[in-house]
Amino acid sequence: MSFDLNSLLRPHITKLQPYTSARDEYSGKVGIFLDANENPFGSITEQDFNRYPDPYQSDLKKEISKIKQVRPSQIFLGNGSDEAIDLLFRAFCNPGKDNVILLPPTYGMYEVSAGINDVEIRKVPLTEDFQLQPNEILAAADDNSKILFICSPNNPSANKVKRKDILILLRNFKGLVVVDEAYIDFSDEPSFTTELEHFPNLLVMQTFSKAWGLASLRLGMAFASEEIIRILNRIKPPYNISGLTQETVLAAIQNKEKVDRMINGILEERTFLQTELAKLPFVQKIHPSHANFLLVKIPNANQVYDDLIAEKVIVRNRAKVLLCEDCLRITVGTRAENEALLEALQKVCKKSTDNGQRSTAHKRKR
Ligand SMILES: *Cc1c(COP(=O)(O)O)cnc(C)c1O
């Protein structure tokens, strides 16, 4: 297909002169560094952090490249996936003119980022079983539709999206197609990174926040053509990934077997939680999950959510979200946490059934 990146970009971005950091000009590690106004004595902390980190995270990208089977030049690293999402808006979407297509119910940051950047949102809901409507999506698009965000496995519905539908959109959508794979490690679905060679309009996002257990470090990945990655690198803040994050994740990648063990543990607990929830009479539906959470339908979900908080069990209330009426999103925890959730759920749901039986008209005091 024909895909002209330059015509998709905001015009001023193509002309932009990026910030050149002191470390862009000399990348050697040995020398007397008097170029960046750093503190020569070291740091106030035990470990030294006085030198600015590598702006392009070369060592880290080399290792990520090996585990993801993409070239280092096809990798962008952001301060969380959220930074990559924001940079895409800033690179491609002219405020007040362009639009993006979102597929609710989906991850909330796409809409927030669109709002911050004053970009129109066109919503094409998923089907009842949370699948794409490719024809409706294409019909909603026009020449100003710059980005289509597809989340698979989807948050909050937990299912994977049909591959053939994503392929239809990659072939026919004129803008950039983002496939957000934050939960791919919990799915049997292969990553769309294998399709990068075929689709110059594809960008795949993954993160170290979920399966790797590094949410606090803030490290998100975007995989795309070298051209797209070059654009993101030009507009990012120069030192967007801290040295501590780069070092820590570099070491973590050497220990990938531990990640695989944790993923297996989470999958076992997901099965346990599914089985036990299915035994509870008030649970109306547990949506099939390819992620590390379950979307569960329970009558009076708003009330159940509040009552769970009173029991110090915090889940995510999705009851007001399109197609998720009366649904709670429950992250898979440890065995002890899952058992505590099940116990609290039985307690609060028994209470609400008792109340319901006594009098439906009676409003409970809160
Ligand atoms: C959790 C999540 C992310 C991860 O965001 P980070 O900024 O990398 O922590 C991205 N996309 C979706 C759909 C998520 O649920």
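Note that ligands are numbered from 1 as they come in the structure, with each ligand's atoms numbered from 1 the same way. Given the structure is predicted, the values throughout are model-derived calculations rather than measurements.
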Legend entry - Test: Glu63 and Lys68 ion pair at under 4.0 Å: no
Inset, instruction - Mark yes or no: Arg163 above the aromatic ring of Phe192, with NZ or CZ under 6.0 Å from the six-membered ring centre and no more than 45 degrees from the axis. - result: yes
Legend entry - Close approach of Phe208 to ligand 1, heavy atoms, under 4.0 angstrom: no
Legend entry - Which of the ligand 1 atoms, numbered from 1, are nearer than 4.0 Å to a heavy atom of Cys151: 13 (C)
Inset, instruction - Report, in ascending order of atom number, the atoms of ligand 1 lying under 4.0 Å from any heavy atom of Tyr183. - result: 1 (C), 14 (C), 15 (O)
Legend entry - Minimum-distance protein heavy atom relative to atom 11 (N) of ligand 1: Asp180 OD2, 2.7 Å
Inset, instruction - Report, in ascending order of atom number, the atoms of ligand 1 lying under 4.0 Å from any heavy atom of Lys210. - result: 1 (C), 2 (C), 3 (C), 4 (C), 14 (C), 15 (O)
Inset, instruction - Find out whether the Lys NZ or Arg CZ of Arg335 is both under 6.0 angstrom from the six-membered ring centre of Phe272 and within 45° of the ring's axis. - result: yes
Inset, instruction - Taking only Lys NZ, Arg NE, NH1 and NH2, and the carboxylate oxygens of Asp or Glu, determine whether Asp142 and Lys174 approach each other closer than 4.0 Å. - result: no
Inset, instruction - Using only heavy-atom distances, determine whether the side chains of Asn37 and Tyr52 contain a donor-acceptor pair under 3.5 Å. - result: no
Legend entry - Residues Gln303, Asp307; criterion side-chain hydrogen bond (donor to acceptor under 3.5 Å, both in side chains); working and verdict: CA-CA 6 Å; Gln303 188 64 55; Asp307 291 347; 3.2 Å; yes
Legend entry - Arg218 neighbourhood, listing ligand 1 atoms whose heavy-atom distance to it stays under 4.0 Å: 6 (P), 7 (O), 9 (O)
Inset, instruction - Could you list the atoms of ligand 1 found under 4.0 angstrom from a heavy atom of Ala182? - result: 2 (C), 3 (C), 10 (C), 11 (N), 12 (C), 14 (C)
Legend entry - Student check: side-chain heavy atoms of Leu203 and Val177 closer than 4.5 Å: no
Inset, instruction - Would you check whether Tyr110 has a nitrogen or oxygen atom less than 3.5 angstrom from a nitrogen or oxygen atom of ligand 1? - result: no
Inset, instruction - Could you tell me which atoms of ligand 1, counted from 1 in the order shown, lie closer than 4.0 angstrom to a heavy atom of Ser209? - result: 6 (P), 8 (O), 9 (O)
